[in-house]
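First comes the structure, then the notes that go with it.
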Amino acid sequence: MNAAVHKNRMPRKGWKSRVLGAAAVTVLLGATACEPGTAEDSNDAKPADRPSATSSAKPGDDNGGGSSTTVAACSADELAVSAEKEPADSKDARHLLITVQNTGDEKCDVYHYPYVKIGDAQATTPVIKDSSPDPGKPMTIAPGEEAYAALLVAGGARDEYEAKSISLTLHGSKPGSKAGGPIDVPMPVDALYADDGQLVTYWTTASGGALDFIMSK
């Protein structure tokens, strides 16, 4: 009798063990799914997928250097204009140095080269194309500072004529454009004798650099 009871109880004990084992596995899987740091959670938490203030920031200007200051173009009202013979003791006044000085309170830019007319000439003086110190960029003049253009009045060509005036018009920022009207340039002598060989240089802040292009002509 005792033996029979013992045999009947053995299967019930094994069934309870299997039930408890299955329950333990279920609890363990549930706990694992709730734990942080799993592969699925880590993919969602990648920094690259999150919006970032630094990654969305943009530079202040196209050059990537933060804010930039725009320099205005020079106007006739803020420029003092003069012309001098080179050398100063020259008798024929074929080589002139045109100077513009910034008399304003702010920096300003002169572009390309001046449109120069000598006397009653119908056309402006041709420019020496390779005389630009920095092609495409304006010359910035601080208050009190100067920019220069060298003017060859006569290059030994034909059709000489007498001139008793010089005028210049400032170039606009775009090649071929103009900024303002003609500006009278004080004459360094009573009369000039110009011809078809006249030439002018681009603006520069180095007077010697401008003169180098005309003194050998």
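Since this is a predicted model, take the numbers as computed values, not measurements. Worth knowing before you read on, the calculation uses all heavy atoms, side chains too, and leaves out hydrogens, waters and symmetry mates.
For the atom pair CG (Asp195) and CG (Leu192), the distance works out to 11.5 Å, reported to the nearest 0.5 Å. Put simply, OG1 on Thr99 and CG on Leu79 are 11.5 Å apart, with the number rounded to the nearest 0.5 Å. The OG atom of Ser132 lies 13.0 Å from the CH2 atom of Trp203; values are rounded to the nearest 0.5 Å. Atom OH of residue Tyr113 and atom CD1 of residue Ile98 lie 13.5 Å apart, to the nearest 0.5 angstrom. The NZ atom of Lys178 lies 5.5 Å from the OG1 atom of Thr169; values are rounded to the nearest 0.5 Å.
Counting heavy atoms from C-beta on, the side chains of Asp130 and Phe213 come closer than 4.5 Å. A heavy-atom distance below 4.5 Å is not found between the side chains of Lys107 and Ile141. You'll find the side chain of Lys217 reaches within 4.5 Å of the side chain of Leu199, heavy atoms only. Side-chain contact between Met139 and Thr205 is present, with at least one heavy-atom pair separated by less than 4.5 Å. Under the 4.5 Å side-chain criterion, counting only non-hydrogen atoms from C-beta, Pro175 is in contact with His112. Contact of the Ile166 side chain with the Met187 side chain is registered, since non-hydrogen atoms from C-beta on lie closer than 4.5 Å. Counting only heavy atoms from C-beta outward, the side chains of Lys117 and Ser165 never approach each other to under 4.5 Å. Counting heavy atoms from C-beta on, the side chains of Val200 and Pro114 come closer than 4.5 Å.
Listed here is the closest heavy atom pair of Gly104 and Pro143: O-CB, 3.4 Å. For Leu170 against Cys74, the heavy-atom pair with the smallest separation is CD1-O, 3.5 Å. Looking at every heavy atom in both residues, Pro186 comes nearest to Ala83 through O-CB, 3.8 Å. Minimum heavy-atom separation, Lys85 to Ala93: CD-CB, 3.7 Å.
With hydrogens and angles left out, the side-chain atoms of Glu78 and Thr103 include no donor and acceptor closer than 3.5 Å. Side-chain polar atoms of Glu160 and Tyr193 form no donor-acceptor pair below 3.5 angstrom. Side-chain atoms of Asp109 and Thr140 form a donor-acceptor pair, as typed in the model, at a separation below 3.5 Å. Under 3.5 Å, the side chains of Ser90 and Asp92 contain a donor-acceptor pair of N or O atoms.
Asn102 places no side-chain N or O within 3.5 Å of a backbone atom of Glu146 that could act as its donor or acceptor partner. With hydrogens and angles disregarded, no donor-acceptor distance shorter than 3.5 Å links the side chain of Gln101 to the backbone of Ala80. Side chain of Ser131 to main chain of Tyr202: a donor-acceptor pair is present (N/O by atom type, distance under 3.5 Å, no hydrogens or angles). Asp159 places no side-chain N or O within 3.5 Å of a backbone atom of Asp196 that could act as its donor or acceptor partner.
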Item to complete: With side-chain contact (heavy atoms from CB on, under 4.5 Å) as the test, would you mind laying out the steps for Gln198 and Leu152 before giving the verdict?
Response: CA-CA 5 Å; Gln198 59 190 259; Leu152 179 66; 5.7 Å; no
Practice prompt. Mind running side-chain contact (heavy atoms from CB on, under 4.5 Å) on Ile214 and Thr201 for me, showing each step along the way?
Written response: CA-CA 8 Å; Ile214 67 167; Thr201 68; 4.2 Å; yes
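Taken together through direct or relayed side-chain contacts under 4.5 Å among Ile, Leu, Val, Met, Phe, Trp and Tyr, Val189 and Ile118 form part of one hydrophobic cluster. No chain of hydrophobic side-chain contacts below 4.5 Å, direct or via other Ile, Leu, Val, Met, Phe, Trp or Tyr residues, connects Val110 to Val71.
For the pairing with Val116, the side chain to side chain contact (heavy atoms under 4.5 Å, CB included) check across Leu96, Val185, Val153, Leu151 returns one residue only, Leu151.
The environment of CG in Asp105 is sparse: at most 12 heavy-atom neighbours from other residues, nucleotides or ligands sit within 6.0 Å.
Between Tyr115 and His171, the ring-plane angle classifies as parallel under the 30° and 60° cut-offs.
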